[in-house]
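Structure first, then comments.
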Amino acid sequence: MSAPQPRAEAAMVYDEVRNKIVLFGGYTFQDKGYKKLSDTWEFYDNDWHLISEDGPSARNGAAMIFDIKNKVSILFGGSTIDRQYGESKGETWILQDKKWNKLETEQPTGIYNSAMTYDIKNKRILRFGGWDGELRIRTNETWVFQNSNWKRIPTSNTPEKRNHSAMIYDEKSARIILFGGHDGKNIFDDLWEFKDNSWKKLSGTKPIQRIDNNH
């Protein structure tokens with residue numbers, strides 16, 4: 001295989017130290033059902049390269065970022081059972097030198113389709129939201145990963161519970177920006193800022209009803 005097969009809900013980051021794009025997992029369709037994937041690919045020199053089929057178990061909806069301080073890719077969570085949505089694992093994996101290692105630390109609740117980014121100013125990972133498809137519970141918890149441990153940050157004025165949000169680090173303003181997502185019933189178009197361990201809503205209109213797609 002010279003390139004990743006078609007898939008959805010894969011995790012992808014840019015390794016700025018090695019100047020390579022890293023892709024992991026996701027799901028595809030096979031025999032009229034969902035098949036979760038566990039392959040890891042790198043893209044460089046205008047071509048794909050398979051680097052590993054070992055490491056995290058097959059899953060979709062995992063969150064992955066590049067840790068600038070430690071120069072590694074870090075993956076969290078994902079849905080691991082043999083259908084599109086279901087059991088999640090709160091695992092944290094580190095990819096270094098094309099090898100995956102599971103971090104043995106106290107893991108947060110299994111969550112997937114969360115938003116995650118690297119906070120350059122504070123040299124830590126920040127993660128927001130996501131859901132446990134088995135219990136059909138979304139969350140609006142804010143977590144940080146620093147010094148190889150996860151810690152939940154108590155926050156007020158927090159965005160509503162949701163998954164499938166987009167989140168990035170604004171280096172110029174030293175803040176994190178989150179946009180949108182949905183809670184299963186409503187789709188959000190709101191824009192939030194996270195700075196000094198506090199959320200602030202910047203804009204947004206009334207959520208619109210989400211179209212039912214059987215999950």
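All heavy atoms count here, side chains included; hydrogens, waters and symmetry mates do not.
Partner of Leu95 under the side chain to side chain contact (heavy atoms under 4.5 Å, CB included) criterion, out of Val13, Ile74, Thr40, Leu75: Thr40 alone.
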Donor-acceptor contacts under 3.5 Å from residues 187-198 side chains, at least two apart:
unit_1, atom_1, unit_2, atom_2, d
Asp189, OD1, Thr205, N, 2.9
Asp189, OD1, Thr205, OG1, 3.2
Asp189, OD2, Thr205, OG1, 2.7
Asp190, OD1, Arg162, NH1, 2.8
Asp190, OD2, Arg162, NH1, 3.4
Asp190, OD2, Arg162, NH2, 2.9
Asp190, OD2, Trp192, NE1, 2.8
Glu193, OE2, Arg175, NH1, 2.8
Lys195, NZ, Ser173, O, 3.3
Asn197, OD1, Arg124, NH2, 2.7

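For Met116 against Ile65, the heavy-atom pair with the smallest separation is O-CG2, 3.4 Å. The minimum heavy-atom distance between Leu50 and Trp41, with the atom names listed, is N-CE3, 3.4 Å. In this structure, Ala11 and Ala62 approach most closely via the heavy-atom pair CB-O, 3.7 Å. Here the closest heavy-atom approach between residue Thr80 and residue Ser57 is recorded as CG2-OG, 4.0 Å.
The distance between the ring centers of Tyr44 and His49 falls below 6.0 angstrom.
For the pair Arg59 and Tyr112, the cation-pi criterion (under 6.0 Å, within 45° of the ring axis) is not fulfilled.
Considering only heavy atoms from C-beta on, Glu160 stays 4.5 Å or farther from Asp183 through its side chain. Between Asn140 and Phe128 there is a side-chain heavy-atom pair separated by less than 4.5 Å.
Contacts classified as salt bridge (charged side-chain N to carboxylate O under 4.0 Å, His left out) and involving residues 20-32 (residues at least two apart or in different chains) are given here: Lys20-Glu42.
At a threshold of 4.5 Å between side-chain heavy atoms, the hydrophobic network of Ile, Leu, Val, Met, Phe, Trp and Tyr places Ile68 and Tyr169 in one connected group.
Salt bridge Asp119/Lys69: absent, no basic N to carboxylate O contact under 4.0 Å.
Considering OG of Ser114 and CD of Glu141, their distance stands at 11.0 Å, rounded to 0.5 Å. Ile125 CD1 to Asn122 CG: the interatomic distance, rounded to the nearest 0.5 Å, is 13.0 Å.
The neighbour count for Lys201 NZ, taken as heavy atoms of other residues, nucleotides or ligands under 6.0 Å away, is above 12.
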Inset, instruction - Under the side-chain contact (heavy atoms from CB on, under 4.5 Å) rule, what do Tyr118 and Asp67 come out as? Steps first, then yes or no, please. - result: CA-CA 7 Å; Tyr118 187 77; Asp67 182 336; 3.4 Å; yes
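Residues passing the ring-ring contact (aromatic ring centres under 6.0 Å, His included) test with Phe24, sequence neighbours excluded: Trp100.
Side chains of Arg138 and Asn163: a donor on one and an acceptor on the other come within 3.5 Å. Side-chain contact check for Trp150 and Thr92: at least one donor-acceptor pair (N or O, by modelled atom type) lies under 3.5 Å. Looking only at atom types and distance, the side chain of Tyr34 has no donor-acceptor partner in the side chain of Asn60 under 3.5 Å away. Between the side chains of Thr142 and Trp199, a donor-acceptor pair is found at a separation under 3.5 Å.
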